[in-house]
Amino acid sequence: MKELINKLKGDKGIWSFVALLGLFSFMPVFSASSNLAYLGHGTGNTLGYLVKHFAHICIGFLIIYWVHKIPYHYFRAISKAGLPIVWLLLAYTLIKGTVIAGANASRWIQIPFIGLSFQTSTLAAIMLFIFVARYLSKTRETPITFKSSLWELWTPVFITLMFILPANFSTTALIFSMILMLAFVGRYPLKYIFFIIGSGVVILTLFFLMSKAFPESKFFSRVGTWQSRIENFTTDKADEDDYQIEKAKIAIASGQIYGLGPGKSVQKNFLPQSSSDFIYAIIVEEYGLVGGLGVLILYLLLLFRFVVASHKANTLFGKLVVIGLGFPMIFQAMINMAVAVELLPVTGQTLPLISSGGSSIWMTCFGLGIILSVTKKDEEIAQEKLEKEKREEILQKLIDRELEADLEEADFKNVNDNFDASNYSITDNSKNPMDAVLK
């Protein structure tokens, strides 16, 4: 075990907090999956869901390990070349994706021969964040102009978001807000950022107007759901989402300080998305306020390590990659918790590394692997610097030793140069026999 830990490179704090979140996820998922077990096969046996989640977590950690071995600067070229491929996947998902309950929630595609579903917007978000970080970190002889950035940066961004928007408004809003944050951190001119925000509002307004003009089109079928969620959040009108929120609030209130105990949740049998979108409510019900705050603190500690990793990164691209991939994970977790306590309308965002689901866990781990690759490079540079200092110290010692030897040799030579052999001859050529002794 110690040898395995020693093989893990990168920020050990990030590794630790990610491992804690992954390990903690087993109990809530095992408990909260009972509703799915009853609906699926009527037995209530959640062992199969636990094994499935265990497989997802194991594959996720393997993804982290493999990706963190790749030098992070390789992803500069991968993001540029991979963005058109992402567009094709998003277009295919929008047209042929899985439809849920007759609505156009086309967020998943079925992977051939495997039978697993994959949410392409998660991959698109990672590629887009790296693409924006690449553009903002490029060395330029002239300052950024809006005309050049409009074509090189914002056109690909808006194309990607327009593919995601018809099926998933919350993910589109999350990605767009995080890109604006990344642009601000990357010192993109603030006046241009305000113009981009205005352009986004105009495009979203046009999208809603088109949905009114073509209400029968499947590309606008989710607009009614978004509107009803916002209306229900601001009013007391009851519907399915309000039902979920009420059950989540009952679960949180039932948990009190220390919770009902692991596996003893009651509301998991009534919450439709108890193992994914509303798993935080089940955590608070079973582990109380202590458990809920513990999960929140883990995410905040992970955010702190992201800030430290970004500060230590030796390149601007590395700093922006850590911010662009790390901050959305924490922001998504905060959104999930806020929905559970009715601070935000229902969005469908999962709790990273805890909620059940394959593609969301794998893409989160993919992003974490890239972040750890950045921190690994920093450690390698620091190690090289330390080894260089040691080599210089050893070399200095050798030089000092050679200088001492040269000085000793020079002193010996000076003694030999001052030595007069005629005064120490063993042949007695003097007239006085005592000269050999006297001299």
Side-chain angles (χ1 to χ4, degrees), residues 4-24 60-76 78-79 122 125-138 174-175 177-188 295-334 351-354 361-387:
L4 177 62
I5 295 175
N6 291 332
K7 289 181 180 181
L8 300 178
K9 305 298 181 182
D11 190 286
K12 295 299 188 293
I14 295 177
W15 276 110
S16 301
F17 298 136
V18 169
L20 286 174
L21 288 169
L23 289 173
F24 175 76
F61 275 85
L62 287 176
I63 291 173
I64 296 178
Y65 181 78
W66 290 332
V67 173
H68 101 290
K69 292 286 187 181
I70 303 173
Y72 73 93
H73 60 83
Y74 285 5
F75 292 97
R76 294 177 67 103
I78 292 174
S79 66
T122 55
I126 292 177
M127 286 296 172
L128 200 56
F129 292 141
I130 300 175
F131 177 82
V132 174
R134 168 191 167 276
Y135 177 83
L136 295 173
S137 63
K138 286 197 304 185
L174 174 62
I175 295 174
S177 60
M178 290 296 100
I179 288 176
L180 292 175
M181 180 271 298
L182 190 59
F184 176 77
V185 174
R187 297 183 178 180
Y188 186 77
V295 172
L296 176 61
I297 290 172
L298 278 178
Y299 282 114
L300 292 178
L301 289 173
L302 190 57
L303 174 63
F304 173 73
R305 293 312 307 175
F306 288 153
V307 173
V308 172
S310 175
H311 179 72
K312 289 183 177 180
N314 291 279
T315 63
L316 179 58
F317 177 69
K319 294 178 184 293
L320 294 177
V321 163
V322 173
I323 293 173
L325 296 179
F327 281 36
M329 297 179 193
I330 309 303
F331 196 58
Q332 179 181 337
M334 298 302 168
L351 196 58
L353 296 172
I354 293 182
I361 292 175
W362 298 338
M363 289 299 102
T364 299
C365 292
F366 183 62
L368 288 168
I370 298 174
I371 292 173
L372 288 169
S373 176
V374 176
T375 61
K376 181 197 70 172
K377 184 64 177 179
D378 298 336
E379 285 187 353
E380 290 175 352
I381 292 174
Q383 184 66 25
E384 289 176 0
K385 184 179 180 180
L386 181 62
E387 292 176 356

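Note that the CD1 atom of I371 and the CG atom of L302 stand 7.5 Å from one another [nearest 0.5 Å]. With rounding to the nearest 0.5 angstrom, the CG atom of L325 is 10.5 Å from the OG1 atom of T364. Atom CG of residue L136 and atom CZ of residue F131 lie 10.0 Å apart, to the nearest 0.5 angstrom. In this structure, the separation between CD1 on I297 and CG on L303 is 13.5 Å, given to the nearest 0.5 Å. Note that CE of M178 is 6.0 Å distant from CG of L174, once rounded to the nearest 0.5 Å. Atoms CG and OG, from L21 and S16 in turn, are 11.0 Å apart once rounded to the nearest 0.5 Å.
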| Candidate pair Y188 and L182, rule side chain to side chain contact (heavy atoms under 4.5 Å, CB included), full reasoning | CA-CA 9 Å; Y188 186 77; L182 190 59; over 6 Å; no
| request: Let me see the working for Y299 and L351 under side chain to side chain contact (heavy atoms under 4.5 Å, CB included), right down to the final yes or no. | output: CA-CA 10 Å; Y299 282 114; L351 196 58; 3.4 Å; yes
| said: Pair M127, I78 - check side chain to side chain contact (heavy atoms under 4.5 Å, CB included), show working. | reply: CA-CA 8 Å; M127 286 296 172; I78 292 174; 3.8 Å; yes
| request: Show your reasoning for whether side chain to side chain contact (heavy atoms under 4.5 Å, CB included) applies to L368 and F306. | output: CA-CA 10 Å; L368 288 168; F306 288 153; 3.8 Å; yes
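Across I14 and R305, no two heavy atoms sit closer than the pair CG1-CB, 3.7 Å. The heavy-atom pair separating M329 from G367 by the smallest distance is CE-C, 3.8 Å. Considering every non-hydrogen atom in both S373 and P71, the closest pair reads OG-C, 3.7 Å. Taking both residues in full, the closest heavy atoms of C365 and G60 are given as CB-O, 3.2 Å, listed atom of the first, atom of the second, then distance. For the residue pair K319 and A313, the shortest heavy atom distance occurs at NZ-O, 3.1 Å.
F327 is not listed as a side-chain neighbour of V185, based on a closest heavy-atom distance of 4.5 Å or more. At a threshold of 4.5 Å between non-hydrogen side-chain atoms, the residues M181 and I323 count as touching. When side chains are defined from C-beta on, T375 counts as touching L372, because their heavy atoms get closer than 4.5 Å. Using a 4.5 Å heavy-atom cutoff, the side chains of V322 and H311 are not in contact. Considering only heavy atoms from C-beta on, F75 stays 4.5 Å or farther from V321 through its side chain. At a threshold of 4.5 Å between non-hydrogen side-chain atoms, the residues I126 and S79 do not count as touching.
The aromatic rings of F317 and Y72 sit parallel, their planes meeting at an angle under 30°, below the 60° perpendicular limit.
Atom CZ of F61 is surrounded by more than 12 heavy atoms from other residues, nucleotides or ligands within 6.0 Å.
Judged purely by atom type and a 3.5 angstrom limit, H68 uses its side chain to pair as donor or acceptor with the backbone of K9.
S137 and R76 share a side-chain donor-acceptor pair at under 3.5 Å.
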